[in-house]
Amino acid sequence: SYHKKFTIIDTKLFENIRFFVKNSLIFINFAFFQWKLFNTLYMNKLIAIAEDEKDLSEILSINLNQEGYKTKIFANGIELLNFCKSVIPDLILLDIMMPKLDGIETCKLIRKESKLQDIPIIFITAKSAESDIVVGHEVGGNDYLIKPISSKVLVAKIKRLLNKTKNIFGANFLILN
């Protein structure tokens with residue numbers, strides 16, 4: 001009789017432990033999913049910088065790295081387009097006046113590629129005429145900044161463009177901050 005009660009208690013205890021472990025694993029899995037989702041949405045975004053002024057591109061890269069973004073620098077549009085054949089950046093910073101292939105032509109080519117056409121593009125240029133700004137938007141630029149630029153303004157514009165909509169498992173979600 002004593003042995004039978006002990007076995008019943010052990011069985012109940014084992015079921016409670018198994019229930020606790022099962023629920024803990026569900027919680028751990030959910031927490032991991034939340035962390036993975038957060039990282040997918042906000043961290044480690046790759047920003048391509050197409051800028052022929054080496055000093056400026058390095059400063060942009062350092063500032064963006066400090067904000068948690070990964071960066072890749074290109075000296076012209078051809079280098080950027082070749083890179084985009086194998087890796088799709090989350091956002092592109094594009095100078096207009098570059099050798100080999102300028103920013104306007106680069107933007108046109110990006111917008112023609114179905115796998116690249118939705119990448120946000122911010123023009124960063126010394127060209128400040130109203131007609132240049134209009135052309136930048138007409139060819140598909142999402143924003144246009146005139147040099148010299150404020151890194152705080154640039155980061156704010158990047159965050160706005162990256163947070164607009166996210167595609168998660170085939171569904172679009174609007175991110176509200």
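Here the structure is a predicted model, which is why all the values come from computation and not from measurement.
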Distance check, rounded to the nearest 0.5 Å: [X] atom [atom1] versus [Y] atom [atom2]?
| X | Y | atom1 | atom2 | value |
| --- | --- | --- | --- | --- |
| Cys107 | Leu116 | SG | CG | 11.0 Å |
| Asn76 | Glu79 | CG | CD | 4.5 Å |
| Ile62 | Ser57 | CD1 | OG | 9.5 Å |
| Leu93 | Ile47 | CG | CD1 | 6.0 Å |
| Leu64 | Lys45 | CG | NZ | 14.5 Å |

According to side chain to side chain donor-acceptor pair (under 3.5 Å), does anything in residues 99-111 pair up with another residue at least two apart or in another chain? List the pairs.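 Counting only pairs at least two positions apart or across chains, the side chain to side chain donor-acceptor pair (under 3.5 Å) contacts touching residues 99-111 are Glu105-Lys108, Arg111-Asn142.
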Any salt bridge (charged side-chain N to carboxylate O under 4.0 Å, His left out) pairs touching residues 145-155, not counting sequence neighbours?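 Qualifying pairs: Glu51-Lys147, Glu53-Lys147, Asp95-Lys147.
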Is there a path from [X] to [Y] through hydrophobic residues (I, L, V, M, F, W, Y) whose side chains come within less than 4.5 Å of each other?
| X | Y | result |
| --- | --- | --- |
| Phe74 | Leu94 | yes |
| Ile121 | Ile149 | no |
| Ile104 | Met98 | yes |
| Tyr69 | Ile49 | yes |
| Val153 | Tyr144 | no |

Anything under 3.5 Å between a donor and an acceptor, one on a side chain of residues 129-141, the other on a protein residue two or more places apart or in another chain? List them.
{"residue": "His137", "atom": "ND1", "partner": "Gly141", "partner atom": "O", "Å": "3.4"}

Results of side chain to side chain donor-acceptor pair (under 3.5 Å) for Lys157 - residues two or more places apart only: Asp143
Applying side chain to side chain donor-acceptor pair (under 3.5 Å), can you list everything that pairs with Thr71, at least two apart in sequence or on another chain?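 Expected list: Ser61, Asn65.
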Is there a side chain to side chain contact (heavy atoms under 4.5 Å, CB included) between Ile122 and Leu145 once you walk through the steps? CA-CA 7 Å; Ile122 300 175; Leu145 289 172; 4.1 Å; yes
Heavy-atom check, side chain of Leu154 versus side chain of Leu60, under 4.5 Å: yes
For Lys115, I'd like to know if atom NZ has over 12 heavy atoms of other residues, nucleotides or ligands within 6.0 Å.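 Counting other residues, nucleotides and ligands, NZ of Lys115 exceeds 12 neighbours.
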All pairs passing ring pair (Phe, Tyr, Trp, His ring centres under 6.0 Å) where residues 92-119 contributes a residue, at least two apart: none
State which residues pass salt bridge (charged side-chain N to carboxylate O under 4.0 Å, His left out) with Lys54; sequence neighbours excluded, sorted by chain then number.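 Here the qualifying residues are Glu58.
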Under the salt bridge (charged side-chain N to carboxylate O under 4.0 Å, His left out) rule, collect the residues that match up with Glu113, sequence neighbours excluded.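 With sequence neighbours excluded, Glu113 shows a salt bridge (charged side-chain N to carboxylate O under 4.0 Å, His left out) to no residue whatsoever.
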Per-pair distances, 0.1 Å, donor-acceptor, side chain in residues 80-90, under 3.5 Å, sequence neighbours excluded:
{"residue": "Asn82", "atom": "OD1", "partner": "Lys85", "partner atom": "NZ", "Å": "3.3"}
{"residue": "Asn82", "atom": "ND2", "partner": "Ile78", "partner atom": "O", "Å": "3.3"}
{"residue": "Ser86", "atom": "OG", "partner": "Phe83", "partner atom": "O", "Å": "3.3"}
{"residue": "Asp90", "atom": "OD2", "partner": "Leu46", "partner atom": "N", "Å": "2.7"}

Write down the atom of Ala126, the atom of Ile146, and the distance for their closest heavy-atom approach.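 Ala126 and Ile146 have their closest heavy atoms at O-CG2, 4.4 Å.
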Under the rule for side-chain contact (heavy atoms from CB on, under 4.5 Å), what residues qualify as partners of Gln117, not counting sequence neighbours? none
